[in-house]
Amino acid sequence: MTQNTTLHAAFAGHVAAALDALEAAGTLPAGLSRNAVAVEPPRDPSHGDLATNAAMVLAKPAGTNPRALAEALAGELRKVPGVTGAEIAGPGFLNLRLDAAAWLDELRAIAALGADYGRSGFGGGTTVNVEYVSANPTGPMHMGHCRGAVVGDALATLLEFAGHKVTREYYVNDAGAQVQVLARSVHLRYKEALGIEIGGIPEGLYPGAYLVPTGHRLATHYGSRFVDAPDSEWLDLFRTEAVADMMAMIRDDLALLGIKHDVFSSEAELQAAGKPEEAEAMLRAHDLVYDGHLEAPKGKTPEDWEPVELPLFRSTKFGDDQDRPIRKSDGSWTYFGADLAYHYQKAASADALVDIWGADHAGTVKRIKAAVAALTGAEGRTVPFEVKLVQMVQLLRDGEPVKMSKRAGTFVTLADVVREVGKDVVRFTMLTRKPEAQMDFDFAKVVEASKDNPVFYVQYAHARICSTLRKGAAEGFAPSPEGLELLGEEELALVRLAAQFPRLVEAAAAAREPHRVAFFLYDLAAAFHGYWNVGNDRPEKRFIVAQDARLTGARLYLATQIGQLVRNGLALLGVEAVEEM
RNA sequence: GCGCCCGUAGCUCAGCAGGAUAGAGCACCAGAUUCCUAAUCUGGGGGCCAUGGGUUCGAAUCCCGUCGGGCGCACCA
């Protein structure tokens, strides 16, 4: 047992060892799958400290009855140090009771591990590439990007904590038509900066004032030489310059949320390096790309429709409606064509890929997953690739929907929202819902610093702990493990909850669901606030009991560790743990 | 029409790789503050887990159908 082995992990091991012993004794046939065996705290604490369903899930394949098997298992587990009871309940649950010392050891483990309590080797050091945000570099971040940004960032942090090596990646779509439009929009702003009357921004170009500084910069730098020049002379240059400015702006926006990517991959560079051609060749070799005709659009066929031959990916083999072109008729790459090459490239340097996408891209999941599976599978090295879809956020102000239109330039920028409600509130709010459920984001509710807002509830718990420790120190008390045996049932209940953090981290990482951390913190804060208030009615249950230094030291020790745990959890979410409120 | 996501208390949502009597907040009702931070806590009412089947020792959870809501169905990104 290493120091890092937490109580729950240790007991999962004890149950496994007990099953081994039963196998050795012939009570249990060897080789049964134990995938369904769980060791977890029972929902109802009166059932004990830990419960396992092992007897129920193994009884049938073992050809025995659950209660008999549970009885045998109980016999083994009663030998484990710290176990004070092993009872069979219901259809064959085995409920274990642990002595207080076992839980107090876990409290010491939190103290010993500090910020690393909950950190796990679960990921085995494998590399996970998390791609998130990847907003088009055509303007500042708006609220539509926010949820995916926060979820992706928290997930990346969580995976690191759970023992993966993580790359946080942003895919810059700097090669498509939209960045040509950006370049033309900037060209107008450039002329404007030189004092030329432009008379409004034409339909189809980006009207946002955020392009004005770029226009000025280019005017200062290049003077008037591109005013009347053909676009072949300035288009690429302006595109590159504008994208650079937009990305700088986006990086600033992300910084407001505490988000920093490790890698920014450029679609233009990817294409310049010939990566899509490589991918196409591989797919053709496996007959997954062929030259064919695209079906006419369903329903009304446009006047100018004529069948053209295009290189198509056989996505119908993977459940798609039709095969998808990887090049356009002018020979340039479609988004999909470049994107599959991009994912293939990512797969070369990672053991697993996770993409965070907006739900509006759900329709393209099948084809990209199919393409990546084909490309990596062709080399005999399949790289797991998950796409996590983040559902839409409806912005509300006092219950009324906030309309956003990018064309009209009326979208709500992320920077505005963060300025209005704060980074911590934005992040926590985005993480208090599972990502695949739609959510409302109401400014009025979200800024309310009250019980209705879980961020403050959790932060308040931390602030109370800090305050108590300050007060204790002022009165000459320091946290100390020496009197831990004085802690009673109410204190141990807090420890039991705290002890679940390590397994929660692993479960959340495995499911790629950082929101579970937020809910755990809420529960932990609730348990702490509840315990705190016991002291209102019963002064002898307060953290600081002036006449009993030993008890006070133990309680402050408990408070210190709960505070540490709140910090560890909030760190995973990227939310500050405030010391005063 | 097809694909993906969602449907749990009046409202907003949890429900941990099927597990024991379905949870929390808001709202409503009744309480707690000479006392470590009341931005807190305690208690109460309120549920055919949309619906109909299936799988099994056991289903809110897995599978199929139906209904309802959202998103998407381009050589766009």
Side-chain angles (χ1 to χ4, degrees), chain A residues 35-36 38 40-44 47 51 53 56-57 59-60 65-66 89-93 95 136 138 173 175-179 294 297-299 308 310 319-322 324-330 332-337 339 358-366 389 391-392 394 432-440 442 445 448-454 456-457 459-461 463-464 466-472 475 500 503-504 507-508 510-511 513 515-516 518-520 522-523 525-526 528-537 539 542-546 552 555-556 559 580-581:
Chain A
N35 287 343
E40 55 195 6
R43 197 182 304 165
D44 183 345
H47 289 139
N53 62 352
M56 284 184 291
V57 298
K60 193 167 189 183
N65 84 71
F93 286 101
N95 293 328
N136 282 337
T138 56
N173 299 127
Q178 82 286 352
V179 285
L294 212 51
K298 304 266 190 309
V308 285
L310 292 169
D320 208 348
D321 296 342
Q322 56 175 306
R324 302 290 172 175
I326 62 169
R327 289 180 193 259
K328 307 176 200 173
S329 48
D330 66 0
S332 67
W333 296 101
T334 62
Y335 182 84
F336 175 58
D339 203 32
D360 51 342
H361 291 81
T364 65
V365 172
K366 275 185 184 170
L389 292 175
Q391 291 291 328
M392 301 289 121
Q394 160 130 294
T432 44
R433 208 126 311 182
K434 59 184 175 207
E436 61 269 34
Q438 293 161 237
M439 75 181 289
D440 292 344
D442 193 320
K445 280 190 187 159
E448 190 187 331
S450 75
K451 55 250 173 174
D452 198 14
N453 199 328
F456 298 110
Y457 187 80
Q459 287 183 323
Y460 184 47
R464 263 185 161 172
C466 292
S467 160
T468 306
L469 292 172
R470 284 192 299 268
K471 172 109 179 169
E475 295 182 17
Q500 293 193 45
R503 60 186 285 278
L504 174 104
E513 291 184 347
H515 74 275
R516 293 190 196 180
F519 282 97
F520 174 80
Y522 188 88
D523 289 344
F528 175 79
H529 287 310
Y531 176 75
W532 172 280
N533 275 273
V534 172
N536 280 340
D537 294 332
R542 288 180 197 156
F543 284 93
I544 298 169
V545 181
T552 298
R555 293 238 176 99
L556 291 179
E580 272 181 281
M581 287 178 76

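The shown structure was predicted, so the numbers you read here are calculated from the model rather than taken from an experiment. Reminder, nothing fancy here: chain letters follow the sequence lines and each chain counts from 1.
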Colleague: With the side chain of A362(A) defined as its heavy atoms from C-beta on, choose the nearest nucleotide among C76(B), G25(B), C4(B).
Modeller: C4(B)

Colleague: Quick one, V179(A) and N173(A) - any side-chain contact, counting heavy atoms below 4.5 Å?
Modeller: no

Colleague: For residues L556(A) and L469(A), report the shortest heavy-atom separation together with the two atoms involved.
Modeller: O-CD2, 3.8 Å

Colleague: Considering only C75(B), C36(B), G19(B), which nucleotide approaches the side chain of R43(A) most closely?
Modeller: G19(B)

Colleague: Hey, does A51(A) reach any base, or is it just sugar-phosphate, or nothing, if we go heavy atoms under 4.0 Å?
Modeller: base

Colleague: At under 4.0 Å between heavy atoms, what does N95(A) touch on the DNA or RNA strands: base, sugar-phosphate, or nothing?
Modeller: base

Colleague: So, OP1 or OP2 of A77(B): does either fall under 4.0 Å of a side-chain N or O from K328(A)?
Modeller: yes

Colleague: With distance as the sole test, does D330(A) use its side chain to make a donor-acceptor pair with the main-chain N or O of S332(A) at under 3.5 Å?
Modeller: yes

Colleague: For the C1' atoms, the ones on U21(B) and on C49(B), what distance do you get once it is rounded to whole angstrom?
Modeller: 15 Å

Colleague: With the side chain of K60(A) defined as its heavy atoms from C-beta on, choose the nearest nucleotide among A14(B), A77(B), U56(B).
Modeller: U56(B)

Colleague: How would you label the contact of G90(A) with the nucleic acid (heavy atoms, under 4.0 Å): base, sugar-phosphate, or nothing?
Modeller: nothing

Colleague: Among the candidates A14(B), G19(B), A77(B), find the nucleotide nearest to the side-chain atoms of R433(A).
Modeller: A14(B)

Colleague: Round to a whole Å and report the spacing from CE of M439(A) to P of G69(B).
Modeller: 23 Å

Colleague: For A463(A), report the nucleic acid contact type (base, sugar-phosphate, nothing); a contact means any heavy atom under 4.0 Å.
Modeller: base

Colleague: Any side-chain N or O of Y531(A) less than 4.0 Å from the OP1 or OP2 oxygen of C36(B)?
Modeller: no

Colleague: Heavy atoms only, 4.0 Å cut-off, all strands: where does N536(A) land among base, sugar-phosphate and nothing?
Modeller: base

Colleague: In dot-bracket form, 5' to 3', how is RNA chain B paired? Count Watson-Crick and G-U wobble pairs only if both distances fall under 3.5 Å, and write | where the partner sits on another strand.
Modeller: (((((((..((((.....[...)))).(((((.......))))).....(((((..]....))))))))))))....

Colleague: Report yes if the ring of F93(A) lies under 5.5 Å from the six-membered base ring of A20(B) with planes under 30°, and no otherwise.
Modeller: yes

Colleague: Using the C1' atom on both, measure A74(B) against C11(B) and round to a whole Å.
Modeller: 40 Å

Colleague: Looking across every strand, which nucleic acid part, if any, lies under 4.0 Å from S332(A) by heavy atom: base, sugar-phosphate, or nothing?
Modeller: nothing

Colleague: Mark this stacking check for H361(A) against A77(B) as yes or no, applying ring centres under 5.5 Å and ring planes under 30°.
Modeller: yes

Colleague: Measuring from the side chain of S467(A) (C-beta onward, heavy atoms only), which nucleotide among U37(B), U21(B), C6(B) has the closest atom?
Modeller: U37(B)

Colleague: Side chain of M56(A), heavy atoms from C-beta onward: which of C75(B), C71(B), G19(B) has the nearest atom to it?
Modeller: G19(B)

Colleague: Mind checking H515(A) for me? I need base, sugar-phosphate or nothing, with any heavy atom below 4.0 Å counting as a touch.
Modeller: sugar-phosphate

Colleague: Look at the rings of F543(A) and Y531(A) and say which category their plane angle falls in: under 30° parallel, 30 to 60° tilted, over 60° perpendicular.
Modeller: perpendicular

Colleague: Please pick, from C41(B), C57(B), A38(B), the nucleotide with the shortest atom-to-atom distance to any side-chain atom of R464(A).
Modeller: A38(B)

Colleague: With rounding to the closest Å, how many angstrom separate the P atoms on A50(B) and G43(B)?
Modeller: 28 Å

Colleague: For Q438(A), report the nucleic acid contact type (base, sugar-phosphate, nothing); a contact means any heavy atom under 4.0 Å.
Modeller: base

Colleague: Starting from the 5' end of RNA chain B, give me the residue, P91(A) or V545(A), whose nearest nucleotide shows up first.
Modeller: P91(A)

Colleague: Please measure how far the C1' atom in C57(B) lies from the corresponding atom in C41(B), and state the result in whole Å.
Modeller: 42 Å

Colleague: Under 4.0 Å between any heavy atoms, over every strand shown, what does V179(A) touch: base, sugar-phosphate, or nothing? Just pick one.
Modeller: nothing

Colleague: Using the ring of each side chain (for Trp, its six-membered ring), is F519(A) parallel, tilted or perpendicular to H515(A), with breaks at 30° and 60°?
Modeller: perpendicular

Colleague: Just to be sure I understand the rule, does N173(A) reach a base, reach only the sugar-phosphate, or reach nothing, if contact means heavy atoms closer than 4.0 Å?
Modeller: sugar-phosphate

Colleague: With a 4.0 Å cut-off on heavy atoms, is D537(A) in touch with a base, just the backbone sugar-phosphate, or nothing at all?
Modeller: sugar-phosphate

Colleague: Using a heavy-atom cut-off of under 4.0 Å over every strand shown, decide if L389(A) touches base, sugar-phosphate, or nothing.
Modeller: sugar-phosphate

Colleague: Out of C71(B), C41(B), C13(B), which has the shortest distance to the side chain of N533(A)?
Modeller: C41(B)

Colleague: Given that R324(A) and R542(A) both sit by RNA chain B, which one's nearest nucleotide is further toward the 5' end?
Modeller: R542(A)

Colleague: Between A38(B) and U34(B), how far is it from one C1' atom to the other, in whole Å?
Modeller: 15 Å

Colleague: Is H47(A) stacked on the base of A20(B), with ring centres under 5.5 Å apart and planes under 30° apart?
Modeller: yes

Colleague: Taking OP1 and OP2 of C16(B), is either one under 4.0 Å from a side-chain nitrogen or oxygen of R516(A)?
Modeller: no

Colleague: Using the C1' atoms only, state how far G47(B) lies from U66(B), rounded to an integer number of Å.
Modeller: 23 Å

Colleague: Verify, without hydrogens or angle tests, whether T468(A) (side chain) and R464(A) (backbone) share a donor-acceptor contact under 3.5 angstrom.
Modeller: yes

Colleague: Can you tell me how far C1' in C28(B) sits from the matching atom in C36(B), rounded to whole Å?
Modeller: 32 Å

Colleague: When all nucleic acid strands are considered with a 4.0 Å heavy-atom cut-off, which category describes E580(A): base, sugar-phosphate, or nothing?
Modeller: base

Colleague: Between G7(B) and A14(B), how far apart are the two P atoms, rounded to whole Å?
Modeller: 8 Å

Colleague: How far apart are the closest heavy atoms of P66(A) and G92(A), and which atoms are they?
Modeller: CB-CA, 4.4 Å

Colleague: At 4.0 Å (heavy atoms only), tell me whether A89(A) reaches a base, stays on the sugar-phosphate, or touches nothing.
Modeller: base

Colleague: From the set C5(B), U37(B), C75(B), return the single nucleotide nearest to any side-chain atom of T334(A).
Modeller: C75(B)

